[in-house]
Amino acid sequence: MPLLESDFYGFQKLLTPRQQESVHAVREFMEREVRPIADDYWERAECPVHLFRPFAEIGTMGAGWKETSTLESSAVHRGWIGMELARVDSSFCTFIGVSSGLAMTSIALGGSDQQRAQWLPQLADGSMIGAFGLTEPLAGSDTARGMRTTATRKGDTWVLNGAKRWIGNATFADVVVIWAKDTADDRVKGFIVRQGTPGFSATKIERKQSLRIVQNADITLENVEVAETDRLQKIDSFRDLAKVLRITRDGVAWQALGTMIGAYEAALKYVGQREQFGRPIASFQLVQDKMATAIANITASFGLCVRVSQMGDEGTQRDEHAAMAKSFVTTRMRETVALCREVVGGNGITLDYGVARFFADAEAVYTFEGTKDMNQLIVARSVTGHSAFV
Ligand code: FAD
């Protein structure tokens, strides 16, 4: 597989030849199927749901789990795939990641062997799309304490009541993992809710100005009945849920890396072509400084993403490690997309020059899966020994 020019230190060599082949297939898919339509879908705020199954056919969606692995994978390999998606379109990366990351990881870590066998293959081969419902209208950063959605057990059935906000894919997903507090013991539990269950409704959030392709929804749950067999059997606390978030935060760091690479590649092309004062603007020292900062941000972020994923595979990764990767890389992303937009001048604010979409999308990536502030507090709690959370 050809090295990306933005892979300045050649991190790609850490992937095995077979992993590079699968990444290459993803890269080709994104160039062929997604790049030509991304701006149009983004402008119309529509999601190319029809591409879910063809993407699944590449065979990378279940790469992490024994029930669905078709090739020898690693956390670096899976992170790299997310980066390749975001490098072309960060929305498409989110659309896929909500299902193959958040929903599948919840079932893989929280489900019994039977639940894993029932759901993971269908989510991996694209016959089902998943969603993940944690955030609520009144509980974002403090979902651990502030979650209001309740689950009440009645025999072999649970009754869910409450509301969720921002839930990606929820309007069309076949299954939504819903997090709720057990009214008996106030502990967090996870439930697999099928689309169409009476009392479940999802309404698209309109007028978003970031990740416009992703269909986020407000969900209401009114006496939604879920069988005990659809409760995630290995989840019994917020700590269990936090294990899912640790893995997916690692993935969002890779997504942020891909988002800044997408903006950088478009800006690099532009500064080589655009002339002012009789010379390409790439020859001006102030423009060069911005491009040097951008590639340094990308390279430092690559290093952090690779190492935090390796720690995941080694079994040494802790919450604060993933939190640092998410916080650091999204911050570098925000700086990088702004520099890239700046060197494209006025053209940098239209969709036509390849930077504006990444610039706008970076804001949502900076915010979801724990804002920068929340992730900084997790890191600082670890290094200072003092928790700023009340
Ligand atoms: P708030 O928690 O209200 O925070 C507002 C501000 O206050 C932030 O700057 C925050 O850092 C700051 N703040 C809060 N508490 C503190 C504190 N103690 N100290 C310092 N600062 C603080 N959720 C899902 O469950 N599923 C999804 O699929 C999903 N997809 C999403 C997709 C998009 C595009 C977006 C924008 C969000 C998505 N989310 C999803 C929700 C996302 O995880 C939340 O938006 C995020 O956790 C922040 O919560 P909030 O928006 O309620 O902000």
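Counting convention: from 1, in listed order, for ligands and their atoms alike. The residues of the chain are indexed from 1 along the displayed sequence. Computation of the quantities below employed the complete heavy-atom set of this structure, encompassing side-chain atoms and omitting hydrogens, waters and symmetry-equivalent molecules.
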Candidates T94, N216, T135; heavy atom nearest atom 24 (C) of ligand 1 found on T135
Just to be sure I'm reading this right: ignoring hydrogens, which of R165, K164, M374, Q376 gets closest to atom 16 (C) of ligand 1? Compare them by their nearest heavy atoms. M374
Can we say R239 and D319 salt-bridge, meaning some charged N sits less than 4.0 Å from an Asp/Glu carboxylate O? yes
Heavy-atom protein neighbour under 4.0 angstrom from atom 5 (C) of ligand 1: no
Considering heavy atoms of the protein only, find what lies nearest to atom 46 (C) of ligand 1 and give residue, atom and distance to 0.1 Å. T367 O, 3.6 Å
Pick, from A170, P137, A173, G168, the option with the minimum heavy-atom distance to atom 28 (O) of ligand 1. G168
Does the pair D361/R212 count as a salt bridge with the N-to-O cut at 4.0 Å? no
Counting only heavy atoms not in I349, do more than 12 fall under 6.0 Å of its CD1? no
Could you tell me whether atom 33 (C) of ligand 1 has a protein heavy atom closer than 4.0 Å? yes
Considering only non-hydrogen protein atoms, determine which one is nearest to atom 26 (N) of ligand 1 and report residue, atom name and distance to 0.1 Å. F132 O, 2.9 Å
Suppose I only count heavy atoms of A364 and a 4.0 Å limit; which atoms of ligand 1 are within that range? 34 (C)
Considering only protein heavy atoms, which is closest to atom 48 (C) of ligand 1, and at what distance to one decimal place? T371 CG2, 3.8 Å
Using a distance-only test with no angle check, is there a side-chain donor-acceptor pair under 3.5 angstrom linking W80 and E84? yes
Is the shortest distance from a Lys or Arg side-chain nitrogen in R116 or D113 to a carboxylate oxygen in the other one below 4.0 Å? no
Atom 2 (O) of ligand 1 has as its nearest protein heavy atom S141 OG, 2.6 Å
Regarding K154 and E225, does a basic nitrogen lie under 4.0 Å from an acidic carboxylate oxygen? no
Starting at CZ of R145, measure out to CG of D186 and round the result to the nearest 0.5 Å. 12.0 Å
Proximal ligand 1 atoms for E369, defined as those under 4.0 Å from one of its heavy atoms: 43 (O)
Within the distance-only criterion (no hydrogens, no angle test), does the side chain of T371 pair as donor or acceptor with the backbone N or O of T367 below 3.5 angstrom? no
Can you tell which of F95, F92, F29 makes a ring pair (Phe, Tyr, Trp, His ring centres under 6.0 Å) with F52? F95
Distance to 0.1 Å, residue and atom name: give those for the protein heavy atom nearest to atom 47 (O) of ligand 1. G370 N, 4.0 Å
Atom 51 (O) of ligand 1: closest protein heavy atom, distance to 0.1 Å, is W166 NE1, 4.3 Å
Atom 21 (N) of ligand 1: closest protein heavy atom, distance to 0.1 Å, is D373 OD2, 3.7 Å
Could you check R381 against E320 for salt bridge (Lys or Arg N to Asp or Glu O under 4.0 Å), going step by step and ending with a plain yes or no? CA-CA 8 Å; R381 180 178 59 191; E320 54 269 29; 6.0 Å; no
Measure the distances from the heavy atoms of V214 to every atom of ligand 1 and state whether one is below 4.0 angstrom. no
Counting non-hydrogen protein atoms only, what is the nearest one to atom 49 (O) of ligand 1? Give residue, atom name and distance. G140 CA, 3.4 Å
